[in-house]
Trainee: 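Quick one: the structure is below, and I'll ask about it shortly.
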Amino acid sequence: MRTGTSQRDDQRTTAQQRRKELLEAADRVVLRDGPEASMNAIAAEAGITKPILYRHFGDKGGLYRALAKRHTDALLASLRAALDAPAEDRRHRVEGTLDTYLAAIEARPQVYRFLMHPADHGQQEPEQGFDVGHHSAPLLRRLGEELATVIAERLDLGPGGDEVARVWGHGIVGMMHAAGDWWLRDRPCARGQLVHHLTDLLWGRLSLADDRVGAPGF
């Protein structure tokens, strides 16, 4: 006989699987429509009604946050892999990390625009798109804090090093976001050239700091 606990576990697993399927349907719509992706379109893609979609995510903001976490987790995993990858020296590792970020937004520009830019509704009703402008700041803060942690763990920045690491982490993420946003829209140069210029900008004190003893290199 199945216990109440095992039944609840099965229900939880089923709900998690269904949520994953709905997020994958939302991803397909975002890849097609970018910031104009709507709850109606996502529900249709998933083969359900909009009230059922709301039941899983609460509202558009809830669905946006779930998608943002999904893509931010993947981006952070890629950035960590770039930071841990073998490199000739620190400059090459910095270039590899910057290139990983730019390659990610270049590969899926509609996803990037969905996460970072509110839809331009024009004459449409507000329901037709996601108002994501006030959601993108927490996403960037998360990236900044994650990078700050890596810097603090790997570089010996002396007294006040934790403060310096947080400033650098958020500053680097802000630079990557602003420069990447401009580059993705205007394409003024090749990606590799942008990486080179941004690394030049960062290189100052970053080139002089020692690695922490026993820590992976930065």
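The figures that follow rest on heavy atoms only: side chains count, while hydrogens, waters and symmetry mates do not.
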Trainee: Would you check if Asp181 and His117 make a side-chain contact, meaning some heavy-atom pair closer than 4.5 Å?
Mentor: yes

Trainee: Go through the steps for Leu79 and Val150 under the test side chain to side chain contact (heavy atoms under 4.5 Å, CB included), then give the verdict.
Mentor: CA-CA 11 Å; Leu79 292 174; Val150 171; over 6 Å; no

Trainee: Where do Ala165 and Ala148 come nearest, in terms of heavy atoms and distance?
Mentor: O-CB, 3.4 Å

Trainee: Run the numbers on Arg65 and Arg70 for side chain to side chain contact (heavy atoms under 4.5 Å, CB included), then give the verdict.
Mentor: CA-CA 9 Å; Arg65 288 187 292 274; Arg70 178 185 177 96; over 6 Å; no

Trainee: Applying side chain to side chain contact (heavy atoms under 4.5 Å, CB included), run through Arg55 and Ile48 and close with a yes or a no.
Mentor: CA-CA 11 Å; Arg55 190 182 308 156; Ile48 59 174; over 6 Å; no

Trainee: Taking only Lys NZ, Arg NE, NH1 and NH2, and the carboxylate oxygens of Asp or Glu, determine whether Asp211 and Arg154 approach each other closer than 4.0 Å.
Mentor: no

Trainee: State, to 0.1 Å, how close His56 and Arg18 come at their nearest heavy-atom pair, and which atoms those are.
Mentor: CE1-CG, 3.6 Å

Trainee: Can you find a pair of side-chain heavy atoms, one from Phe57 and one from Arg19, that are under 4.5 Å apart?
Mentor: yes

Trainee: Say you draw a straight line from CZ of Arg32 to CD of Glu45; how long is it, rounded to the nearest 0.5 Å?
Mentor: 6.0 Å

Trainee: In the structure I gave you, are the side-chain heavy atoms of Arg113 and Arg185 within less than 4.5 Å of one another anywhere?
Mentor: no

Trainee: Find the distance between OG1 (Thr49) and CE (Met39) and round it off to the nearest 0.5 Å.
Mentor: 10.5 Å

Trainee: If we ignore hydrogens and angles and just use 3.5 Å, is the side chain of Arg212 paired with the main-chain N or O of Asp156 as donor and acceptor?
Mentor: no

Trainee: Would you call Glu88 and Arg93 a salt bridge, taking side-chain N to carboxylate O under 4.0 Å as the test?
Mentor: no

Trainee: Apply the test salt bridge (Lys or Arg N to Asp or Glu O under 4.0 Å) to residues Arg91 and Glu95: give CA-CA distance (whole Å), side-chain angles for both, the deciding distance (0.1 Å), then the verdict.
Mentor: CA-CA 6 Å; Arg91 183 180 174 101; Glu95 287 179 337; 3.3 Å; yes

Trainee: Output yes when a side-chain donor or acceptor of Trp183 lies under 3.5 Å from a complementary backbone atom of Pro188, and no otherwise.
Mentor: no

Trainee: Specify the closest pair of heavy atoms between Ala41 and Ser38, including all atoms of both residues, with the distance to one decimal.
Mentor: N-OG, 3.1 Å

Trainee: Under a 3.5 Å distance rule, please check whether Tyr64 uses its side chain to pair with a backbone N or O of Leu115 as donor and acceptor.
Mentor: yes

Trainee: Does one side chain, of Asp200 or His197, offer a donor that lies under 3.5 Å from an acceptor on the other?
Mentor: no

Trainee: Roughly how far, to the nearest 0.5 Å, is the CG atom of Leu98 from the CG atom of Leu201?
Mentor: 10.0 Å

Trainee: Could you report the tightest heavy-atom contact between Gln110 and Val30, atom names first, then the distance?
Mentor: CB-O, 3.4 Å

Trainee: Nearest 0.5 angstrom please: Leu83 CG to Glu153 CD, how far?
Mentor: 11.0 Å

Trainee: Do the side chains of Leu155 and Leu206 get nearer than 4.5 Å, heavy atoms only?
Mentor: yes

Trainee: Do side-chain atoms of Arg205 reach the backbone of Leu157 as a donor and acceptor pair under 3.5 angstrom?
Mentor: yes

Trainee: Just wondering, do Ile172 and Ile151 contact through their side chains at under 4.5 Å, heavy atoms?
Mentor: yes

Trainee: I want to check something: taking the side chain as every heavy atom from C-beta on, are Leu143 and Met176 in contact at a cut-off of under 4.5 Å?
Mentor: no

Trainee: Taking Asp89 for its side chain and His92 for its backbone only, find out whether a donor-acceptor pair lies under 3.5 Å.
Mentor: yes

Trainee: Are His170 and Leu140 packed together at the side-chain level, in the sense that at least one heavy-atom pair is separated by less than 4.5 angstrom?
Mentor: no

Trainee: Taking the side chain as every heavy atom from C-beta outward, state whether Met175 and Leu202 have any pair of such atoms under 4.5 Å apart.
Mentor: yes

Trainee: Below 30° counts as parallel, above 60° as perpendicular, anything between as tilted: where do the rings of His177 and Tyr112 land?
Mentor: tilted

Trainee: Working note: Leu102 + Leu184, criterion side chain to side chain contact (heavy atoms under 4.5 Å, CB included); need CA distance, chi angles, decisive distance, verdict.
Mentor: CA-CA 9 Å; Leu102 293 169; Leu184 192 63; over 6 Å; no

Trainee: Please report the closest heavy-atom contact between Thr100 and Ala82, naming both atoms and the distance.
Mentor: OG1-CB, 3.4 Å

Trainee: Has Arg166 got its NZ or CZ under 6.0 Å from the middle of the six-membered ring of Trp168, at an angle within 45 degrees of the ring axis?
Mentor: no

Trainee: Which distance, rounded to the nearest 0.5 Å, do you find between the CZ of Arg142 and the CG of Leu76?
Mentor: 5.0 Å

Trainee: Hey, what do you get for CZ (Arg28) to CD1 (Ile42), rounding to the nearest 0.5 Å?
Mentor: 10.5 Å

Trainee: Any idea which heavy atoms bring Ala66 and Leu23 closest together, and the distance?
Mentor: CB-CD2, 3.7 Å

Trainee: Just by modelled atom types, is the Ala209 backbone N or O under 3.5 Å from a matching donor or acceptor in the Arg90 side chain?
Mentor: yes

Trainee: Does atom CD (Glu21) have a neighbourhood of more than 12 heavy atoms from anything else shown, all under 6.0 Å?
Mentor: yes

